[in-house]
There are 2 protein chains.
Amino acid sequence: MATGRAHRPATRSRGIPEATVARLPLYLRALTALSERSVPTVSSEELAAAAGVNSAKLRKDFSYLGSYGTRGVGYDVEYLVYQISRELGLTQDWPVVIVGIGNLGAALANYGGFASRGFRVAALIDADPGMAGKPVAGIPVQHTDELEKIIQDDGVSIGVIATPAGAAQQVCDRLVAAGVTSILNFAPTVLNVPEGVDVRKVDLSIELQILAFHEQRKAGEDAAGDAGVVPPVAARKQQHSTGSADQGPDGDVPAVMPA
Amino acid sequence: MATGRAHRPATRSRGIPEATVARLPLYLRALTALSERSVPTVSSEELAAAAGVNSAKLRKDFSYLGSYGTRGVGYDVEYLVYQISRELGLTQDWPVVIVGIGNLGAALANYGGFASRGFRVAALIDADPGMAGKPVAGIPVQHTDELEKIIQDDGVSIGVIATPAGAAQQVCDRLVAAGVTSILNFAPTVLNVPEGVDVRKVDLSIELQILAFHEQRKAGEDAAGDAGVVPPVAARKQQHSTGSADQGPDGDVPAVMPA
DNA sequence: CCATCTTTGTGCACGCGTTCACAAAGACAT
DNA sequence: ATGTCTTTGTGAACGCGTGCACAAAGATGG
């Protein structure tokens with residue numbers, strides 16, 4: 001507390017583990033809820049329970065940020081909300097472009113969680129000329145041709161891809177070339193990006209398959225593979241007709257999207 | 001091997017690492033693409049590149065499944081597709097219920113990736129009586145009251161929650177009570193479930209915040225927190241008016257959903 | 001049948017993340 | 001002011017996941 005701002009005290013900025021970063025939003029959410037209920041302080045135990053993690057883990061996570069928190073009392077909610085927000089970069093505004101305004105893209109555009117944090121939808125982009133001008137979530141959809149201009153004019157550094165898998169890589173390349181350095185990918189494809197560009201993937205199909213694996217296991221090992229054991233070289237040929245795309249196994253549809 | 005079950009060779013079922021399970025769907029997708037192009041075999045190197053992982057990691061992953069693959073040649077695509085599908089439990093049908101048919105729920109219902117794997121949308125459920133009967137993706141929406149009956153009649157064990165955060169826990173409890181043991185949660189809430197129930201979370205807000213963190217770092221440490229440094233105990237009070245829900249920090253909206 | 005060459009399968013070491021357990025720090029009561 | 005009691009912050013041990021590097025396996029050619 002000494003003089004205001006020993007300036008970025010210990011905050012060994014460099015050293016925040018990735019796993020910790022991934023949990024900070026969780027803590028922030030729990031803290032915001034407490035803040036709205038005007039709770040002044042919380043112990044690591046309470047906050048950990050609210051965030052669904054172990055209290056030791058939470059304390060260690062916070063220790064990477066610095067020594068906020070008072071022994072015997074806990075953490076000051078408001079202060080911690082601020083510190084985490086700052087650490088996550090939420091004290092500034094992040095313009096975001098969403099490419100691919102299908103069912104999912106529209107759902108994302110309507111997402112209320114954008115504004116509540118520092119995110120702002122700078123533009124909605126779709127390749128379909130018929131969509132151009134049509135407002136979604138109060139924002140007019142723009143054609144893909146405008147992509148580069150929008151990104152440069154608004155200084156967009158975060159892009160969301162909600163296109164079919166077949167178009168994802170191409171869109172990705174254009175986003176990166178235009179200056180985007182962080183991408184949230186909803187298309188079921190492995191994106192190839194140059195070093196320095198971060199990509200995070202959200203894939204419904206993968207999540208379901210992981211659940212199915214555990215579900216099968218829970219169903220018991222005894223009833224091992226009895227139902228529908230198809231021959232190794234089964235006949236599985238469908239789609240691939242329209243050929244709108246050239247890549248993508250399960251249908252070139254975005255991770256979550258209509259056919 | 002003594003008693004029955006000489007089947008299931010070495011497949012030390014128990015021992016498949018979680019990290020490996022999470023990658024199997026990735027391999028499966030790449031393999032399916034190869035299969036559609038009628039490629040007979042692939043080397044670990046090629047497949048790894050297609051899946052975006054390290055070849056050593058891929059080989060180790062496959063080693064947990066057993067010794068499929070021929071030295072000097074590679075892996076038989078069709079055979080591997082089958083083996084992974086079986087391991088993931090995709091050779092059987094998994095009826096799935098989607099609860100909360102808002103923008104996101106509709107996008108999920110329309111998702112083509114469901115059927116392509118062993119997943120089948122058994123029912124769409126929403127709490128709004130006005131939605132009842134209205135078809136989404138060709139399936140009529142049913143009211144929440146039917147939830148238990150549907151789950152039990154169809155033997156549903158996987159549920160998808162796409163409701164606002166305020167309703168998520170309640171829906172979750174009902175799903176679990178009715179027999180669901182795997183949940184894919186799109187609502188921005190920590191779900192509390194009894195042991196034995198798997199929960200996977202998909203949260204747009206968290207992903208964006210993680211990207212923002214890295215983005216901020218890339219922007220350079222020099223310009224450390226200069227823009228909009230708000231006072232620790234800032235004034236942040238809004239919403240909470242309608243009180244439609246009682247929980248949920250950023251707006252009680254599902255992970256991805258309109259307000 | 002043997003030699004060579006390719007590619008798998010895996011033992012091993014390393015690093016990250018998690019958890020335990022406890023000393024230090026401070027609030028609070030007397 | 002002193003003692004007690006609560007809760008943080010962290011050193012250290014452990015376990016999992018990753019990547020290297022290589023021996024074994026088998027295909028292929030002579």
Side-chain angles (χ1 to χ4, degrees), chain A residues 1-2 6 9-27 30-31 34 39-77 79-80 83-84 87 210 213-214, chain B residues 9-12 14-27 30-31 34 39-77 79-80 83-84 87 210 213-214:
Chain A
M1 48 171 73
T11 319
R12 53 185 88 77
S13 301
R14 307 289 181 177
I16 302 182
E18 194 54 36
T20 295
V21 172
R23 280 189 294 268
L24 290 182
L26 227 53
Y27 301 143
L31 284 165
L34 291 173
V39 176
T41 62
V42 275
S43 66
S44 62
E45 202 70 50
E46 297 168 320
L47 185 54
V53 302
N54 177 306
S55 70
K57 193 185 295 185
L58 178 143
R59 285 199 301 277
K60 176 141 294 200
D61 282 342
F62 285 176
S63 77
Y64 292 116
L65 305 183
S67 280
Y68 312 130
T70 308
R71 301 181 189 222
V73 177
Y75 300 90
D76 180 284
V77 174
Y79 187 58
L80 203 47
Q83 288 300 341
I84 294 179
E87 198 64 53
I210 294 172
F213 171 83
H214 293 298
Chain B
T11 320
R12 54 185 86 80
R14 308 289 180 176
I16 301 181
E18 194 54 35
T20 294
V21 172
R23 278 188 296 267
L24 290 182
L26 228 52
Y27 301 143
L31 285 166
L34 292 173
V39 177
T41 61
V42 275
S43 66
S44 61
E45 202 69 49
E46 296 169 321
L47 186 54
V53 302
N54 177 309
S55 71
K57 192 184 296 184
L58 177 143
R59 286 199 300 276
K60 177 145 294 197
D61 282 342
F62 285 174
S63 77
Y64 292 117
L65 305 182
S67 280
Y68 311 129
T70 308
R71 300 180 189 225
V73 177
Y75 300 90
D76 180 284
V77 174
Y79 187 58
L80 202 47
Q83 288 300 341
I84 294 179
E87 197 65 53
I210 293 173
F213 172 83
H214 293 297

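So that the names make sense, note that chain A is the first sequence line, chain B the second, and so on, each numbered from 1. All figures in this text were calculated on a predicted structure; none of them were measured in a lab.
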With respect to the side chain of [X], which nucleotide from [options] is positioned closest?
| X | options | result |
| --- | --- | --- |
| B/E18 | D/dT10, D/dG17, D/dA25 | D/dG17 |
| B/A19 | D/dT18, C/dT8, D/dT8 | D/dT18 |
| B/K57 | D/dG11, C/dA21, D/dG19 | D/dG19 |
| A/T70 | C/dG26, C/dG9, D/dG9 | C/dG26 |
| B/P17 | D/dA12, D/dG17, D/dG9 | D/dG17 |

Between [atom2] on [N] and [atom1] on [X], what's the gap in Å once rounded to a whole number?
| X | N | atom1 | atom2 | result |
| --- | --- | --- | --- | --- |
| B/R59 | D/dC22 | CZ | C1' | 11 Å |
| A/N54 | C/dT18 | CG | P | 10 Å |
| A/L47 | D/dT8 | CG | P | 10 Å |
| B/D61 | D/dT18 | CG | C1' | 10 Å |

- Establish whether the base of D/dG19 is bridged to the side chain of B/K60 by a donor-acceptor pair shorter than 3.5 Å. yes
- Does any N or O donor sit under 3.5 Å from an N or O acceptor when you compare the side chain of B/R71 with the base of C/dT7? no
- Please round to the nearest 0.5 Å and tell me the distance separating atom CG of A/L58 and atom CG of A/L47. 5.0 Å
- Message: Is the phosphate of D/dT7 approached by A/S43 (side-chain N or O, under 4.0 Å from OP1 or OP2)?
- Response: no
